[in-house]
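Some notes on the structure that comes next.
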Amino acid sequence: GPTEGREVAPGVRRIDYGKRESMIPAYKTVGLRDVVYQPGASSTNPSMANDMVCHMLEGELTVEAGREMKFVAKKGDVWTCVKGMPENARNTGTTVAIMRVTDLMA
């Protein structure tokens with residue numbers, strides 16, 4: 001819903017689903033969350049807190065991960081982020097965009 005989770009930037013909400021101990025030896029914990037962007041909304045993250053796998057559940061986002069990497073993530077796309085890298089995202093589409101994130105925490 002439009003008020004689910006917590007607002008992390010104007011027009012951007014984070015909905016946390018849960019965490020659990022990881023069976024992957026490199027990671028202690030895994031977590032799952034959605035980041036919901038209204039049309040035109042954006043977020044800035046100067047440094048990722050942990051490794052993660054991202055999946056574009058709905059809509060599309062323009063993603064900038066450092067100066068060298070910029071792409072448009074469309075529905076169904078999957079990408080990874082490394083701890084410490086920057087990532088800025090903007091919903092450049094006309095519908096709500098939902099990025100599902102699997103956090104891999106050491």
Side-chain angles (χ1 to χ4, degrees):
T3 60
E4 193 173 359
R6 65 182 170 89
E7 188 171 65
V8 295
V12 181
R13 299 194 72 78
R14 176 180 167 158
I15 304 163
D16 293 301
Y17 294 115
K19 292 181 183 177
R20 159 165 256 155
E21 185 177 318
S22 173
M23 295 176 66
I24 303 170
Y27 302 102
K28 182 178 179 181
T29 308
V30 298
L32 188 67
R33 61 187 162 98
D34 284 345
V35 185
V36 181
Y37 294 78
Q38 296 302 315
S42 63
S43 65
T44 301
N45 189 342
S47 179
M48 295 293 176
N50 50 267
D51 294 341
M52 58 189 74
V53 178
C54 299
H55 172 246
M56 206 62 222
L57 197 60
E58 291 291 336
E60 63 182 54
L61 291 174
T62 298
V63 178
E64 293 181 35
R67 287 185 259 158
E68 308 279 326
M69 188 173 162
K70 183 176 180 179
F71 60 95
V72 175
K74 296 183 178 189
K75 183 177 180 175
D77 286 347
V78 175
W79 69 99
T80 56
C81 299
V82 178
K83 180 179 179 175
M85 75 182 267
E87 183 178 85
N88 301 322
R90 175 177 292 279
N91 182 348
T92 52
T94 59
T95 63
V96 169
I98 304 173
M99 176 176 58
R100 177 150 293 164
V101 179
T102 302
D103 288 302
L104 305 167
M105 297 162 279

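For the single chain, residues carry numbers from 1 onward in sequence order. Keep in mind the model is a prediction, meaning the values are calculated, not measured.
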Indicate, with yes or no, if [Y] and [X] share a hydrophobic cluster defined by side-chain heavy-atom contacts under 4.5 Å among Ile, Leu, Val, Met, Phe, Trp and Tyr.
X: V63; Y: V8; value: yes
X: M85; Y: Y27; value: no
X: M48; Y: L61; value: yes
X: L57; Y: V96; value: yes

For the student: nearest non-hydrogen atoms of A41 and P10, plus distance: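 Residues A41 and P10, closest heavy atoms: CB-O, 3.6 Å.
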Closest non-hydrogen atom pair between M56 and A97, with its separation: CE-CB, 3.6 Å
T62: side chain to side chain donor-acceptor pair (under 3.5 Å) partners, not counting sequence neighbours: T92
All side chain to side chain donor-acceptor pair (under 3.5 Å) counterparts of T95, not counting sequence neighbours: none
Gap between atom [atom2] of [Y] and atom [atom1] of [X] - 0.5 Å precision:
X: S42; Y: N91; atom1: OG; atom2: CG; answer: 9.5 Å
X: K83; Y: M52; atom1: NZ; atom2: CE; answer: 10.5 Å
X: E64; Y: M69; atom1: CD; atom2: CE; answer: 11.0 Å

CA sep, side-chain torsions, deciding dist, call: T29, S22, side-chain contact (heavy atoms from CB on, under 4.5 Å): CA-CA 5 Å; T29 308; S22 173; 5.7 Å; no
Backbone N/O of E4 and side chain of R13: donor-acceptor pair under 3.5 Å: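 Yes; judged by distance alone, with no hydrogens or angles, the pair exists.
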Test item: D16 side-chain N/O and G18 main-chain N/O as donor-acceptor pair under 3.5 Å: no
Less than 3.5 Å apart, which donor and acceptor atoms pair up between the side chains of residues 71-82 and the rest of the protein, not counting sequence neighbours?
from	atom 1	to	atom 2	distance (Å)
D77	OD2	K74	N	2.7
W79	NE1	E87	OE2	3.3

Partners meeting salt bridge (Lys or Arg N to Asp or Glu O under 4.0 Å) with R90 (sequence neighbours left out): none
Would you give me the side-chain donor-acceptor pairs under 3.5 Å for residues 98-106, sequence neighbours excluded?
from	atom 1	to	atom 2	distance (Å)
R100	NE	D34	OD1	2.7
R100	NH2	D34	OD1	3.3
R100	NH2	D34	OD2	2.9
D103	OD1	R33	NH2	3.1
D103	OD1	N50	ND2	3.0
D103	OD2	R33	NE	2.7

Any N45 side-chain heavy atom under 4.5 Å of N88 side chain: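 Heavy-atom side-chain distance check fails, nothing below 4.5 Å.
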Pairs satisfying ring-ring contact (aromatic ring centres under 6.0 Å, His included), at least one member in residues 28-63, at least two apart: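 Residue pairs with at least one partner in residues 28-63: there are none.
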